[in-house]
Amino acid sequence: MMYALRPADRTTGPSPLPAYLASAVLARTADEGARVALVMLAAQRAHSTALGGALVAALMIPHVAAAPVVGVLADSVRRRRLFHGGAVALYGAALVTLALLVGVAHDALVLALAAAAGCVAPLLTGGLTSLLGDLLSNERLTRAFSADAVSYNLAGICGPAVAAALGTAMSAAAALAVLGCGAMTGGLLLFSLRLPPRTGQQTVPGKARPADLTRGVVELMHNAPLRSVTWGSGVGQLGVGALPVVSVLLAAEYHAPWVTGGLMTVFAVGALAGSLSYAWRPVGRRRPERVVLWGLVATGIPLSMVPLTGHAGAAAALFAAAGFCTGPLFSALLASRERYAPAAVRTQIFTLGAGLKSTFAAAGAGAAGALSGLGAAPLMLGTAACQAIAAAVALVLLRGRPTGPAGSARGPAGDFPHSSRIAPDTEDRGIT
């Protein structure tokens, strides 16, 4: 079996990473902020929080449902620069249109428009990340994934903050329009990236065969490293998704209203610091799937200590520590997808993985809401237990010989190798 050489493996010329990161931050900030701005807009203009919730649901549900389809399209399209840039710009245009129509046009129309925008959204998360392997050389990828994780962290912090600040100072419509224009700008920046047109040989070595809707799912079930990091991190998201609900309960227990949003803010800031730290000194990059496993364990330890503190300040410090551990975890998760995903379904793997994480997080939030009567301490211990269970799941699923199809663009040597020969330690690295 021969491994495909990445056409973008180059070390000369200006790095495309700054333009990529600017685009990613703009697009993901719009995605995160739109959820807040839509609720505010529905309340301000339509006087209906129910419509706001329905709009957010319409925007979010397709993140999961559309992920396989848009992943297949992205893996099959020849001119990726136009496809990804156009998709991000269209998402921004949909937000601007929603800013004009919510509360003015019929509810069914704006809900349909939000759902259409949500179908594009997977390309703003995993879809964009999947481009890094074709933009940068192998030597630059580990730190590039850490930088990309930082873009997610920044978007998670800045998106809701921008929406709330502009929505209060001006109007929710203005906030949503600004976020939409930011995403459109991000789409235009993607047009400047040096992504050569994809050929059949670059997609599937030796064959010009487009990916199908099921191949990415099969890969996530049978490729041991991908299976481990995908389902392990997904189970971990059950606990992370519950944290906003637990924060509300802790705020009441501590008699400190700032805790409601403050704990999640420090968690996000901790994640940002962890991603930056891992970008500066990446550890375990030859086996990123192991970093994911240990990151899950490390995240659960400070969360399990929160019920023992009884003080808001100490809880905030522990939330920050837990968030810090998720930084390397997420960076290593992205690196694992890039290392082990076959080239023909790379984008599908990224979009499916992102969709599954969102699904698990939503399930965790729903479960925490349903069990909120138990109180803060049991739920907090439950979120910590999810991390330990996730690590165990990841460890069990990492066992066994990987059975991924031939044609992976990853080789056995170096951080993100592309050698055309199989080295003696190929099986140990989980590449077939």
Side-chain angles (χ1 to χ4, degrees), residues 4 6-9 16 20 23-24 27-28 31 62-91 118-136 141 144-145 148-149 151-152 186-187 190-191 193-205 207-221 223 225-226 229-230 233 333-358 404-405 407-410 416 418:
R6 260 199 223 99
D9 271 349
Y20 167 86
S23 175
R28 291 164 182 165
D31 189 35
H63 276 60
V64 180
V69 177
V70 298
V72 168
L73 289 174
D75 282 323
S76 303
V77 72
R78 186 168 183 267
R79 299 192 178 276
R80 291 162 293 163
R81 179 171 58 181
L82 298 178
F83 179 80
H84 286 269
V88 173
L90 283 174
Y91 182 84
C119 290
V120 179
L123 293 173
L124 278 64
T125 53
L128 283 183
T129 301
S130 69
L131 297 178
L132 284 173
D134 292 314
L135 287 171
L136 299 168
L141 274 179
F145 283 122
D148 194 48
S151 76
Y152 283 95
L190 288 178
F191 292 147
L193 297 181
R194 295 174 295 168
L195 280 168
R198 181 186 276 121
T199 66
Q201 286 71 29
Q202 291 168 338
T203 309
V204 181
K207 296 182 181 180
R209 181 169 63 107
D212 64 310
L213 285 173
T214 61
R215 187 172 175 190
V217 177
V218 171
E219 194 69 22
L220 291 179
M221 296 299 295
N223 184 312
L226 282 178
V229 300
T230 299
S233 63
L333 172 62
L334 299 179
S336 297
R337 291 173 183 164
E338 170 64 24
R339 176 190 281 268
Y340 298 113
V345 291
R346 185 188 306 161
T347 306
Q348 190 180 165
I349 293 296
F350 274 91
T351 56
L352 278 169
L356 286 170
K357 284 188 67 181
S358 297
S408 171
R410 313 302 169 265
F416 292 90
H418 59 277

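The structure presented is a predicted model; accordingly, all values stated were derived computationally and were not measured. The basis for the numbers below is simple: all heavy atoms, side chains too, and nothing from hydrogens, waters or symmetry mates.
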* Can you tell me how far OG1 of T347 sits from CG of L352, rounded to the nearest 0.5 angstrom? -> 10.5 Å
* Applying side chain to side chain contact (heavy atoms under 4.5 Å, CB included) between K357 and each of T230, L333, T125, report the one that passes. => L333
* Structure fact -> Taken in chain and number order and not counting sequence neighbours, the residues that satisfy side chain to side chain donor-acceptor pair (under 3.5 Å) with Y152 are R28, T129
* **Closest approach of H84 to G127 (non-hydrogen atoms, all atoms of both residues)** => CE1-O, 3.5 Å
* When rounded to the nearest 0.5 angstrom, what is the spacing between CZ in R337 and CZ in R346? -> 13.5 Å
* Asked: Taking S76 for the side chain and L73 for the main chain, is one N or O donor matched with an acceptor at less than 3.5 Å?
  -> no
* Is there a side-chain contact between V70 and V120 (heavy atoms, below 4.5 Å)? -> no
* Where is the tightest heavy-atom contact between P122 and T351, given as atom of each residue plus distance? -> O-CG2, 3.8 Å
* Please report the C-alpha distance between F350 and L128 in whole Å, then the side-chain angles of each, then the deciding distance to 0.1 Å, and finally whether the side-chain contact (heavy atoms from CB on, under 4.5 Å) criterion is met. => CA-CA 9 Å; F350 274 91; L128 283 183; over 6 Å; no
* Show the numbers, then the answer: is there a side-chain contact (heavy atoms from CB on, under 4.5 Å) between I349 and Y340? => CA-CA 10 Å; I349 293 296; Y340 298 113; over 6 Å; no
* Structure fact -> Shortest non-hydrogen pair, G186 vs V88, comes out as C-CG1, 4.2 Å
* To do: Please report the shortest heavy-atom distance between G126 and A354, naming the atom on each side.
  => N-CB, 4.2 Å
* **Close side-chain approach of L356 to L220, heavy-atom, < 4.5 Å** => yes
* Structure fact -> Sorted by chain and residue number, the side chain to side chain contact (heavy atoms under 4.5 Å, CB included) partners of L90 (sequence neighbours excluded) come out as none
* Between CG on residue L193 and CG on residue L132, distance to nearest 0.5 Å -> 9.5 Å
* How close do L136 and A144 get, heavy atom to heavy atom, and via which atoms? -> CD1-CB, 3.3 Å
* Looking only at non-hydrogen atoms, find the nearest pair between L226 and S336 and report the distance. => CD2-O, 3.9 Å
* Taking side chain as C-beta onward, heavy atoms only, is D148 less than 4.5 Å from Y20? -> yes
* Asked: In Å and rounded to the nearest 0.5 Å, what is the CG to CZ distance from L190 to R80?
  -> 12.5 Å
